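Atoms considered below: every heavy atom in the structure, side chains included; atoms not considered: hydrogens, waters and symmetry mates. Please read these numbers as outputs of a predicted model, since none were measured by experiment. Proteins come first, then strands; the chains are lettered A, B, ... in the order of their sequence lines, and each starts at number 1.
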Protein chains: 2
Amino acid sequence: MSQLIATIKHLISIDEEEEAIIKSLFKPLELKAGDFFVEEGQVCRYVGFIEKGLVRYYMNDDGNHKTLYFNKEGEFVSNYQSFLPRNPSNTNIQAIEDTSLQVISFENLQRLYATVREGEKLGRLGIESVFVNSLEQLKSFYRDSPAERYRQFLHAYAELAQRIPQYYIASYVGIKPQSLSRIRKRLVSKAD
Amino acid sequence: MSQLIATIKHLISIDEEEEAIIKSLFKPLELKAGDFFVEEGQVCRYVGFIEKGLVRYYMNDDGNHKTLYFNKEGEFVSNYQSFLPRNPSNTNIQAIEDTSLQVISFENLQRLYATVREGEKLGRLGIESVFVNSLEQLKSFYRDSPAERYRQFLHAYAELAQRIPQYYIASYVGIKPQSLSRIRKRLVSKAD
DNA sequence: AGATTTCGTTCACCTGGGTTAACTAATGCA
DNA sequence: TGCATTAGTTAACCCAGGTGAACGAAATCT
């Protein structure tokens with residue numbers, strides 16, 4: 001919980017009273033590896049803050065799982081496209097490892113907006129960062145080859161590369177595991 | 001201006017007084033074909049509503065222009081990633097045709113939020129729709145081949161295909177003009 | 001109208017990711 | 001502990017898009 005408060009304090013100023021309110025609005029959630037934070041067809045009921053663990057977003061392309069994103073400890077997780085308008089989700093969010101979260105419901109988030117002075121700002125910053133991430137990822141598809149996207153993934157998530165299976169990384173990069181193997185081989189021979 | 005009001009009424013309820021306020025907060029802007037709504041490095045100062053004409057978003061990938069999106073009459077246009085946090089834009093928005101807009105500044109948008117009862121909702125719906133579009137586009141890169149993306153473009157923007165040069169469409173689809181020519185030829189031969 | 005640039009097409013050749021399949025190593029399970 | 005499944009690698013072949021160049025048709029300029 002202290003991690004969550006620290007992260008929020010990086011984004012907005014809160015006093016002790018507000019800190020107490022925020023703490024009362026979140027509740028813990030534990031996911032085992034393989035459990036779902038949201039599943040396709042369900043409405044995403046929470047925004048979660050990951051204290052420990054790792055989740056992946058993926059969509060189902062008849063049978064094929066395409067990995068869209070990862071979130072790790074210290075980050076917020078939600079399908080805002082489902083959470084905000086309260087529509088059924090068209091993507092899945094699944095724990096890759098056993099994962100501990102603090103989650104806030106839609107109703108409690110409205111309370112947070114109403115009672116914490118910079119609450120709305122917090123919400124806005126959260127959405128903005130998700131939005132910017134998705135745009136950056138889109139731009140990367142326009143700009144970069146799969147090999148380059150893999151290189152950037154390693155660069156941006158060096159420590160995660162150990163915890164995420166290759167075939168999820170391949171999927172995130174937009175290619176097949178066999179192709180990622182090939183790319184890795186090419187990178188090693190070009191070793192720098 | 002009446003187009004703008006009609007579009008807003010599709011999204012939220014406003015009374016006559018609010019309608020008058022909204023009208024007072026927008027001002028007209030005319031762009032000649034080739035003019036910029038925002039240019040890289042500038043802060044995007046407006047959200048615009050296109051009354052007539054057509055714009056494209058593109059990013060500069062050292063010399064290569066990658067087209068990210070199009071907006072036509074009846075749609076809102078802005079680089080929210082620059083407009084909201086008031087950061088310099090990393091993309092360009094350029095008129096493809098002579099374009100007539102009604103634009104609202106950041107300050108006036110805050111006034112709209114403050115004085116129109118469902119103003120905040122209007123803002124939220126606007127952002128949400130842009131966000132959803134960008135996610136759908138990202139998913140399409142994971143799911144679909146360039147040929148399929150072109151097919152979907154024709155389906156979604158049938159009337160625009162006449163007004164947008166091929167090489168912009170190719171760029172939007174994520175391929176070279178030569179490849180788009182090839183794809184078009186394949187589509188014709190498979191004619192259905 | 002004539003000259004020039006821009007746009008779209010076609011072609012030949014190249015390249016990198018997809019596919020299928022085989023194999024090994026690691027992991028999970030009984 | 002041993003067996004079965006899953007994960008990662010390699011290889012051969014295929015194919016769609018990239019590249020560079022050439023060409024004709026439009027659009028633009030003077």
OP1 or OP2 of C/dC11 under 4.0 Å from side-chain N/O of B/K185: yes
Spacing between B/L187 atom CG and C/dT9 atom P, to the nearest angstrom: 12 Å
Residues A/E16 and A/K9 bridged, charged N to O under 4.0 Å: no
A/R45, CZ: over 12 other non-hydrogen atoms inside 6.0 angstrom: no
Under-4.0 Å side-chain N/O to phosphate OP1/OP2 contact, A/R186 with C/dG17: yes
Integer-rounded Å distance: C/dT15 P and B/K176 NZ: 16 Å
Sugar-phosphate only, base, or nothing, as touched by A/L180 at under 4.0 Å among non-hydrogen atoms: nothing
Between C/dG8 (P) and B/I164 (CD1): distance, integer Å: 12 Å
Spacing of B/Y167 atom OH relative to C/dT9 atom P, expressed in whole Å: 14 Å
Whether B/F141 and A/Y142 hold their rings parallel, tilted or perpendicular, with breakpoints at 30° and 60°: perpendicular
A/S179 side chain near C/dG17 phosphate (N/O to OP1/OP2, under 4.0 Å): no
Quiz item: B/R182 side-chain donor-acceptor pair to D/dG18 base, under 3.5 Å: yes
Lys/Arg-Asp/Glu bridge criterion (N-O < 4.0 Å) met for B/K52, B/E97: no
B/S145 vs B/Q178, nearer the 5' end of DNA chain D by closest nucleotide: B/S145
B/F153 and B/Y150 aromatic ring geometry - parallel, tilted or perpendicular at 30°/60° bounds: parallel
Separation of C/dA26 P from A/Q166 CD (nearest whole Å): 14 Å
Distance, rounded to the nearest Å, where A/I175 contributes CD1 and D/dG17 contributes P: 17 Å
Distance, rounded to the nearest Å, where B/Y142 contributes OH and C/dG17 contributes P: 15 Å
Protein-nucleotide distance (B/I96, atom CD1; C/dC7, atom C1'), rounded to Å: 15 Å
Presence of donor-acceptor pair under 3.5 Å, side chain of B/R184 and base of C/dG8: no
